[in-house]
Amino acid sequence: MSTLKGQVAVVTGGGSGIGKAISQQLAEQGAHVWVTDIQEVSATRVAEEISQKGNKASAYRLDVTDAAGVRGFFEQVDQECGRVDILVNNAGIAGNPSLLVNMKDEEWMKMFDIHVNGSFYCLREAAKRMIRHNYGRVINMSSLAAVTSLAGFAHYGAVKYALVGLTQAAAKELAAYQITVNAIKPGVIRSALTEGILAMAEERLSEATPVKKIGSPEDIAKAVLMFAQPDSSFVTGTSLVVDGAFSLMNEMDRVMLDALQQ
Ligand SMILES: NC(=O)c1ccc[n+]([C@@H]2O[C@H](COP(=O)([O-])OP(=O)(O)OC[C@H]3O[C@@H](n4cnc5c(N)ncnc54)[C@H](O)[C@@H]3O)[C@@H](O)[C@H]2O)c1
């Protein structure tokens with residue numbers, strides 16, 4: 001099925017992990033995907049892999065924190081494609097864990113710059129174009145850290161909650177133009193970003209997840225595809241947790257399941 005045939009999609013942080021899987025799956029559905037990343041080499045590699053499969057992709061080095069660079073990028077997409085149908089604000093970092101009292105200004109600001117400012121710059125430019133065509137699908141990558149913010153990651157939690165706020169306001173402002181705006185809150189997903197934590201605690205995290213596995217980037221890409229469909233027109237302003245039910249579990253559940261599922 002090529003449900004996105006003829007559409008133009010922009011993915012930020014598309015050079016690795018979740019963004020790579022999203023780029024691949026959008027392209028498989030027929031979209032022309034602009035794989036953007038601050039790491040030009042990775043963006044190029046992903047776009048080449050997509051093209052080799054006979055699907056459509058272009059690579060672009062884009063640092064989402066550079067407002068002028070983001071404007072220039074969307075102007076180039078305009079020139080080459082004339083439209084933007086799908087934006088996935090995915091670029092991100094985990095940052096270094098630190099107690100609030102020790103958190104450095106630079107760490108805090110960098111986190112906001114990439115996740116909040118970067119998503120805003122891209123959304124603003126994409127929305128202008130989507131309004132012109134009276135159509136759009138925007139997906140912002142939030143996190144389980146916006147279900148409950150993690151100790152040691154106040155900066156990460158704060159930006160992922162901010163993305164939910166951005167999603168809700170944008171959904172209301174853009175609904176009149178048939179543009180939907182949604183967020184995804186992935187649980188622990190295997191990628192470069194979680195290498196450290198998985199090296200420490202993979203078995204424990206997998207065991208604590210009712211579906212008994214660590215999520216894959218493809219699991220998140222499937223949720224993106226759902227929001228990106230043309231007929232998902234009534235789904236807007238919402239956030240979808242994709243975590244194998246990890247965040248639903250509490251100690252009482254474990255007691256009951258241990259007692260009943262022998
Ligand atoms: N992996 C997880 O468990 C998980 C869970 C919840 C949310 N997320 C979110 O998913 C998104 C993707 O993460 P991932 O796990 O695929 O990590 P990843 O490190 O594999 O990919 C992140 C990509 O973003 C790019 N990037 C970083 N800064 C950038 C910038 N300034 N401009 C453009 N690109 C930039 C990186 O080069 C990299 O290719 C992030 O927003 C992350 O916060 C990940």
Side-chain angles (χ1 to χ4, degrees), residues 10-25 34-47 59-70 72-73 87-97 107 109-123 125 139-150 153 155-164 166-167 183-202 205-206 208-209 213-221 223-224 239-244 246-247:
V10 170
V11 180
T12 68
S16 88
I18 295 173
K20 175 179 175 181
I22 292 168
S23 300
Q24 289 169 331
Q25 292 198 18
W34 286 78
V35 184
T36 74
D37 204 290
I38 195 168
Q39 302 286 347
E40 188 168 15
V41 178
S42 353
T44 303
R45 199 174 41 231
V46 172
Y60 194 98
R61 187 200 172 272
L62 181 68
D63 175 356
V64 295
T65 67
D66 172 10
V70 168
F73 163 65
L87 167 67
V88 186
N89 271 323
N90 165 80
I93 56 167
N96 296 313
E107 285 270 344
M109 299 305 286
K110 186 175 179 193
M111 191 63 82
F112 272 76
D113 223 12
I114 297 177
H115 293 264
V116 185
N117 298 352
S119 298
F120 164 65
Y121 297 147
C122 292
L123 173 54
E125 292 309 310
I139 297 106
N140 294 321
M141 205 52 69
S142 178
S143 169
L144 214 55
V147 174
T148 48
S149 202
L150 277 174
F153 283 94
H155 49 354
Y156 189 75
V159 298
K160 291 305 189 182
Y161 272 97
L163 283 174
V164 173
L166 179 66
T167 299
I184 296 177
K185 296 177 175 176
V188 184
I189 305 300
R190 195 179 302 282
S191 76
L193 190 136
T194 50
E195 245 169 26
I197 184 83
L198 289 180
M200 269 181 352
E202 171 158 359
L205 289 167
S206 169
T209 306
K213 69 159 201 166
I214 302 298
S216 69
E218 289 71 25
D219 290 325
I220 303 306
V224 169
S239 302
L240 182 68
V241 176
V242 184
D243 71 343
F246 176 86
S247 56

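In listed order, ligands and their atoms are each counted from 1.
Counting heavy atoms closer than 4.0 Å to ligand 1, residue H115 contributes side-chain atoms (C-beta onward) but none from N, CA, C or O. Using a 4.0 Å cut-off between heavy atoms, S191 contacts ligand 1 through its side chain alone, with no backbone atom that close. At a 4.0 Å heavy-atom cut-off, ligand 1 touches L62 through the backbone alone. At a heavy-atom distance under 4.0 Å, no atom of A94 approaches ligand 1. The proximity of K160 to ligand 1, defined as any non-hydrogen pair under 4.0 Å, is limited to the side chain. Looking at V64 against ligand 1, both its backbone and its side chain come within 4.0 Å, counting heavy atoms.
For a threshold of 3.5 Å applied to N or O pairs, the pair formed by M141 and ligand 1 contains no separation below that value. Every N/O-N/O distance between G15 and ligand 1 stays at or above 3.5 Å. Looking at ligand 1, you won't find any N or O of S142 less than 3.5 Å from one of its N or O atoms. Some N or O of I189 is nearer than 3.5 Å to an N or O of ligand 1, by distance alone.
Applying the 4.0 Å criterion to heavy atoms of Y156 picks out, from ligand 1, the atoms 6 (C), 7 (C), 8 (N), 9 (C), 42 (C), 43 (O). Taking a cut-off of under 4.0 Å to the non-hydrogen atoms of T194, the atoms of ligand 1 that pass are 1 (N), 2 (C), 3 (O). Listed by atom number, the atoms of ligand 1 under 4.0 Å from Q39 heavy atoms are 37 (O). Taking a cut-off of under 4.0 Å to the non-hydrogen atoms of G17, the atoms of ligand 1 that pass are 16 (O), 20 (O). Close approach to D63 involves these atoms of ligand 1, each under 4.0 Å from a residue heavy atom: 30 (C), 31 (N), 32 (N).
Residues that satisfy the side-chain hydrogen bond (donor to acceptor under 3.5 Å, both in side chains) test with D66, not counting sequence neighbours, are absent from this structure. Residues meeting the salt bridge (Lys or Arg N to Asp or Glu O under 4.0 Å) test with K160, sequence neighbours left out: none.
Between N140 and S119, the side chains place no donor N or O within less than 3.5 Å of an acceptor N or O (distance only, hydrogens not considered).
The 12-atom threshold is not exceeded at CD of E40, counting heavy atoms of other residues, nucleotides or ligands nearer than 6.0 Å.
Judged by distance alone, the side chain of N90 and the main-chain N or O of T12 form a donor-acceptor pair under 3.5 Å. In this structure, the side chain of S143 does not engage the main chain of A146 through any donor-acceptor pair within 3.5 Å. Put simply, the side chain of T194 gets close to the backbone of I189: a donor and an acceptor are under 3.5 Å apart. Looking at H155, its side chain does come within 3.5 Å of a backbone N or O of N96 through a donor-acceptor pair.
For the pair R61/T36, no side-chain contact is recorded, criterion being any heavy-atom separation below 4.5 Å from C-beta on.
Summary of contacts: the protein heavy atom closest to atom 20 (O) of ligand 1 is S16 OG, 2.6 Å. In this structure, atom 38 (C) of ligand 1 lies nearest to the protein heavy atom D37 OD2, 3.6 Å.
If you check each of S143, G92, A145 against atom 22 (C) of ligand 1, the one with the closest non-hydrogen atom is G92.
Assignment of P217 to the shell around ligand 1 is not supported, since no heavy atom sits closer than 4.0 Å.
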Handout entry: Working for side chain to side chain contact (heavy atoms under 4.5 Å, CB included), residues I93 and K110
Key = CA-CA 9 Å; I93 56 167; K110 186 175 179 193; 4.2 Å; yes
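With K20 as reference, V46 is the one residue of V11, V35, V46, D37 to meet the side chain to side chain contact (heavy atoms under 4.5 Å, CB included) rule.
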